[in-house]
> 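The structure that follows is given in the form of structure tokens.
Heavy atoms only: backbone and side chains are in, while hydrogens, waters and symmetry mates are out. Nothing here was measured: the structure is a model prediction, and the numbers come from that model. Chain identifiers are assigned alphabetically (A, B, ...) following the order of the sequence lines, protein sequences preceding nucleic acid strands; residue numbering begins at 1 within each chain.
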There are 2 protein chains.
Amino acid sequence: MLKISKLTDYATVILSFMAKNNQRVCAAMELATATGIALPTVSKILKALVNAKVLISTRGAKGGYLLAAAPDKITVATIISALEGPIAVTECSISQQGCEQAAGCNISGHWNVINRAIYNALESVTLADMIKPQETLIPIASLYRIENHNVSQ
Amino acid sequence: MLKISKLTDYATVILSFMAKNNQRVCAAMELATATGIALPTVSKILKALVNAKVLISTRGAKGGYLLAAAPDKITVATIISALEGPIAVTECSISQQGCEQAAGCNISGHWNVINRAIYNALESVTLADMIKPQETLIPIASLYRIENHNVSQ
DNA sequence: ATTAAATAGGACTAAAATAGTCCCCAATGA
DNA sequence: TCATTGGGGACTATTTTAGTCCTATTTAAT
């Protein structure tokens, strides 16, 4: 199904909340309450986002988390790779080792093309887009081919 | 990491082999030998591809599998959805139920845009592309934005 | 100084998804 | 009629993901 993990999905919810409250430090506890996600899980996600430099943290009393950049500078690609590592459709596209498949694997170059395309798609949507009301979007769809979904599935 | 499953990866290897031997019926056993993938696993994949109408099967002695269409009509999107179901980055993009996340989930529309973009990317590459020598490709990359990968990850 | 409120890091467990195998049935050609 | 080949589905094992918890560290307030 080629899906993102639950944690990544949560991350977008958390970050959307923070984007709406822009420039205010939020404690993990507050975010847990606001989103309905359990505190330990929220913490885990926030830690990952800090490591990926999507968030900045301050420790100690009155500490918490803050977006490291403006919402329109934080892309979905960034969020996904913060929680799941590099965006790559196959293992072999990450490690340049190539796979051990004996025969017929000269395909990796093609996966790279696909990866690039997907990466660009994910790079085209930002946190700022995500907190816009739904009507105002559909813009990037026009960047991509919409026609001929004709092969049966 | 947003990756396809191992089985899907195998499927592309198997289908590539078949595309190169186009218009010849291949038995599961032959494909297992040719690709180095275990027979039961190959069978499982072939069954899924038949169900998705990517392959046509003939039973009985001298039976086997055949591509249901020309390699340039079989897209990567089709192969992935044959093995993994509909291509959708989030659960909620499939079932229109919406998610149970209490607060702040008006995001689904945005995921749909992303799904569409990814789907089109996967739809742009066919089996025929995959069996081409690597030099001859990189075409669809130009359909997508390549610039500004500037947000840190 | 001490304490309370926060995050950091990492170990651990539980749950779910994926991969892989196997068995018995149905079809077909020799 | 028998050997060969696919069909369907159950089952097990493995791996990944999700979720929790514990201990240490930092900092503001008193």
> Taking the side chain of A/Lys44 as heavy atoms from C-beta outward, which of C/dT21, D/dT20, D/dT27 is closest to it?
D/dT20
> In whole angstrom, what separates B/Tyr65's OH from C/dA27's C1'?
13 Å
> What is the nucleic acid contact for A/Thr58, judged by heavy atoms within less than 4.0 Å: base, sugar-phosphate only, or nothing?
sugar-phosphate
> B/Asn51 CG to D/dG7 C1': how many Å, rounded?
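It is 9 Å, rounded to the nearest whole Å.
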> Report the nucleotide, chosen from D/dT27, D/dT5, D/dT20, that has the shortest atom-to-atom distance to any side-chain atom of A/Ala61.
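Of the candidates, D/dT27 comes closest.
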> Working to the nearest 0.5 angstrom, can you tell me the gap between B/Leu83 CG and B/Tyr10 OH?
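The CG atom of B/Leu83 sits 12.0 Å away from the OH atom of B/Tyr10.
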> For a quick test of reading the model: is some side-chain N or O of B/Ser5 closer than 4.0 Å to OP1 or OP2 of C/dA19?
yes
> Could you please name the option among D/dT27, C/dT28, D/dC21 that lies closest to any side-chain atom of A/Pro40?
D/dC21
> Please give, in whole Å, the distance from C/dT7 C1' to A/Leu39 CG?
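It works out to 11 Å between those atoms.
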> Within the side chain of B/Thr35, is there an N or O that forms a donor-acceptor pair under 3.5 Å with the backbone of B/Leu31?
yes
> What's the CG-P distance between A/Leu7 and D/dG19, to the nearest Å?
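Interatomic distance, CG of A/Leu7 to P of D/dG19: 6 Å.
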> Round to a whole Å and report the spacing from CD1 of A/Ile80 to P of D/dT17.
13 Å
> Do NZ/NE/NH1/NH2 and the carboxylate oxygens of A/Lys132 and A/Asp129 come within less than 4.0 Å?
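Salt bridge present between A/Lys132 and A/Asp129.
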> In terms of side-chain heavy atoms of B/Ser57, which of D/dC21, D/dG6, C/dG29 is nearest?
D/dG6
> Going from CG on A/Leu55 to CG on A/Leu67, what distance comes out if it is rounded to the nearest 0.5 angstrom?
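The CG atom of A/Leu67 is 6.0 Å from CG of A/Leu55, to the nearest 0.5 Å.
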> Look at A/Tyr10 and D/dT17 and indicate whether a side-chain polar atom (N or O) is within less than 4.0 Å of OP1 or OP2.
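So the side chain of A/Tyr10 is outside the cut-off, no N or O lying under 4.0 Å from OP1 or OP2 of D/dT17.
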> Take the protein atom CG of A/Leu31 and the nucleotide atom C1' of C/dT7, then report the distance between them rounded to whole Å.
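Computing the A/Leu31:CG to C/dT7:C1' distance gives 13 Å.
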> Taking the minimum atom-to-atom distance to the side chain of A/Lys3, which one of C/dA19, C/dT18, D/dT20 wins?
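Looking only at heavy atoms from C-beta outward on A/Lys3, the closest nucleotide is C/dT18.
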> Does a side-chain N or O of A/Thr41 approach OP1 or OP2 of D/dT20 to a distance below 4.0 Å, or not?
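Yes, such a contact exists.
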> Of A/Gly60 and B/Arg59, whose nearest nucleotide on DNA chain D comes first from the 5' end?
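The residue mapped nearer the 5' terminus is B/Arg59.
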> Using side chain to side chain contact (heavy atoms under 4.5 Å, CB included) as the criterion, point out the one residue from B/Thr8, B/Ile4, B/Val89 that pairs with A/Leu2.
B/Ile4
> Consider the side chain of B/Ala28, meaning its heavy atoms from C-beta on, and name the nucleotide among C/dT7, C/dA19, D/dG6 that approaches it most closely.
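Nearest nucleotide to the side chain: D/dG6.
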> Take atom CG of B/Leu46 and atom C1' of C/dG20, then tell me their distance rounded to the nearest Å.
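Distance check: B/Leu46 CG to C/dG20 C1' gives 15 Å.
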> I want to verify a distance call: between D/dG8, D/dA18, D/dC21, whose nearest atom is closest to the A/Lys47 side chain?
D/dC21
> What is the distance, rounded to the nearest whole Å, between atom CD1 of A/Ile45 and atom C1' of D/dT17?
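It is 12 Å, rounded to the nearest whole Å.
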